[in-house]
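This is a predicted model, so every value here is computed, not measured. Any value given below was found using the heavy atoms of this structure, including those in side chains, with hydrogens, waters and symmetry copies removed. Position 1 is the first residue of the sequence; numbering continues from there.
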Amino acid sequence: MSPESVLVELLGRVGAQNGAAILISDHELNGWPAEAVKAMTNSGLMKKARPATSVACPGCERECIMPVHVLTNPGNDPRAFIVCDKRSDINRVPVPAGDLAQWQVSAESIAAVVANLLDLHRSGTGDTDAARWEVGLLKGKKHASHVVLTTEGALTLNLAGHSIELTEVLTLEGNNFKVDKRRLTRLVDQPVAGAGDTESATQRRERLKRRVDELKAKGVKAFLKTVAEEEGISVTRVKQLLQEETEPKKPSLGW
């Protein structure tokens, strides 16, 4: 497999899971190009996950998927094993620790990598339940637009009313990721009339609140000004967005 084909397959698997984290074993990684693995771990796209709690049993040719038990004793390395309940001539089957190591990739980690490549600031994390991950505000020569990663059968970037599959603009060459920023900027400067960011008013308000809380926690005094610059709007508009609540309409008296 080439690094590029590994990336395409990986993005496809995450998209098929609606952006939820997928797990990759060390055994699978051993079949990938070393430069692809290096690029994914160095960039943060792929992160270490908890050890597997079940594996294919190495005790016989059946390779049943079985739960793993781990014994821990002070002063000794943990020992992992499987208890076979399929055959009478097999009991405990030792499992090498390396067989439990695994990694994870999610839409959240992918959005962070894309934001870094575009040199954008992410205001908060994504919303896995809504299958929506904010990448950042991309500025063109004439316009600016929020870039949002969504899953529509495939991982897709949405900006200025346009939708483009991530595999069309994110590539892996050797051990470096590249994003076609020029193409995305052209889309920003050619917004689709009547379309735009699919973020609802409530989602935007909650995202801005999280960003304000994050800045306050860091001790940033000019937190409203910082958010306004990140969003490309005025401080007054930020205040309005934070205060806006959806109030139920009063019923008409019919007079």
Side-chain angles (χ1 to χ4, degrees), residues 1-72 76-84 92-118 122 125-126 128 131 133 135 149-157 165-180:
M1 298 177 73
S2 67
E4 184 63 22
S5 63
V6 168
L7 176 63
V8 171
E9 179 184 322
L10 197 59
L11 296 180
R13 288 165 62 178
V14 175
Q17 293 297 318
N18 288 325
I22 63 167
L23 296 173
I24 304 153
S25 67
D26 261 4
H27 177 72
E28 182 176 1
L29 285 189
N30 290 335
W32 291 7
E35 60 265 42
V37 175
K38 183 178 180 181
M40 292 177 186
T41 52
N42 287 351
S43 65
L45 185 116
M46 186 165 59
K47 300 178 180 178
K48 196 79 174 180
R50 290 183 176 180
T53 56
S54 61
V55 296
C57 178
C60 72
E61 69 282 358
R62 295 171 64 178
E63 296 186 337
C64 304
I65 302 300
M66 299 290 289
V68 176
H69 305 272
V70 179
L71 283 180
T72 55
N76 296 315
D77 293 333
R79 290 184 297 160
F81 61 90
I82 287 171
V83 177
C84 177
R92 284 190 177 188
V93 179
V95 178
D99 289 359
L100 303 180
Q102 57 184 0
W103 301 76
Q104 69 176 25
V105 178
S106 65
E108 175 64 33
S109 65
I110 294 170
V113 169
V114 174
N116 187 50
L117 291 170
L118 291 171
R122 297 188 71 206
T125 57
T128 302
W133 297 265
V135 176
L149 178 67
T150 62
T151 57
E152 300 169 6
L155 291 175
T156 303
L157 289 179
E165 285 197 21
L166 187 57
T167 52
E168 294 186 33
V169 291
L170 181 65
T171 55
L172 180 55
E173 299 177 10
N175 57 6
N176 290 304
F177 284 105
K178 292 187 177 179
V179 65
D180 193 344

Using modelled atom types and a 3.5 Å cut-off, is there a donor and acceptor pairing between side-chain atoms of [X] and backbone atoms of [Y]?
X: Ser109; Y: Val105; value: no
X: Thr167; Y: Glu165; value: no
X: Ser5; Y: Met1; value: no
X: Thr151; Y: Ala154; value: no
X: Gln102; Y: Arg50; value: yes

[atom1] ([X]) with more than 12 external heavy atoms under 6.0 Å:
X: Asn30; atom1: CG; value: yes
X: His69; atom1: NE2; value: yes
X: Arg79; atom1: CZ; value: no

I need the minimum non-hydrogen distance between [X] and [Y], along with the two atoms involved.
X: Pro58; Y: Pro94; value: CG-O, 3.9 Å
X: Trp133; Y: Gly19; value: CH2-CA, 3.7 Å
X: Ala107; Y: Leu155; value: CB-CD2, 4.4 Å
X: Arg122; Y: Val135; value: CG-O, 3.2 Å
X: Met66; Y: Cys57; value: CG-CB, 4.0 Å
X: Val14; Y: Ala20; value: CG1-O, 4.2 Å

Inset, instruction - Evaluate the side-chain contact (heavy atoms from CB on, under 4.5 Å) criterion for residues Leu10 and Ile22: first the C-alpha distance (whole Å), next the side-chain angles of each, then the deciding distance (0.1 Å), finally the verdict. - result: CA-CA 9 Å; Leu10 197 59; Ile22 63 167; 3.7 Å; yes

Inset, instruction - Evaluate the criterion side-chain contact (heavy atoms from CB on, under 4.5 Å) for residue pair Ile24 and Met46; output intermediate values, then yes/no. - result: CA-CA 9 Å; Ile24 304 153; Met46 186 165 59; 4.0 Å; yes

Inset, instruction - Using the side-chain contact (heavy atoms from CB on, under 4.5 Å) rule, take Val55 and Leu100 through it: C-alpha gap first, then chi angles, then the decisive distance, then the call. - result: CA-CA 7 Å; Val55 296; Leu100 303 180; 3.7 Å; yes

As an exercise, state the distance from [atom1] of [X] to [atom2] of [Y], rounded to the nearest 0.5 Å.
X: Trp103; Y: Leu23; atom1: CH2; atom2: CG; answer: 12.5 Å
X: Leu166; Y: Leu157; atom1: CG; atom2: CG; answer: 5.0 Å
X: Ser43; Y: Leu117; atom1: OG; atom2: CG; answer: 8.0 Å
X: Ile110; Y: Leu170; atom1: CD1; atom2: CG; answer: 8.0 Å
X: Leu45; Y: Ser106; atom1: CG; atom2: OG; answer: 8.0 Å
X: Leu149; Y: Thr156; atom1: CG; atom2: OG1; answer: 7.5 Å

Inset, instruction - Check the pair Val6 / Leu172 against side-chain contact (heavy atoms from CB on, under 4.5 Å), numbers first and verdict last. - result: CA-CA 9 Å; Val6 168; Leu172 180 55; 5.8 Å; no

Inset, instruction - Go through the steps to decide whether Glu108 and Lys47 satisfy the test salt bridge (Lys or Arg N to Asp or Glu O under 4.0 Å), and finish with yes or no. - result: CA-CA 11 Å; Glu108 175 64 33; Lys47 300 178 180 178; over 6 Å; no

Legend entry - Heavy-atom side-chain proximity of Leu118 to Val179 below 4.5 angstrom: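 Yes, side chains in contact.
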
Legend entry - Test side-chain contact (heavy atoms from CB on, under 4.5 Å) applied to Phe81 and Leu71, Val93, Val68, the passing residue: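 When side-chain contact (heavy atoms from CB on, under 4.5 Å) is applied between Phe81 and each of Leu71, Val93, Val68, only Leu71 qualifies.
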
Inset, instruction - Apply salt bridge (Lys or Arg N to Asp or Glu O under 4.0 Å) to Glu4 and Lys178, showing your working. - result: CA-CA 11 Å; Glu4 184 63 22; Lys178 292 187 177 179; over 6 Å; no

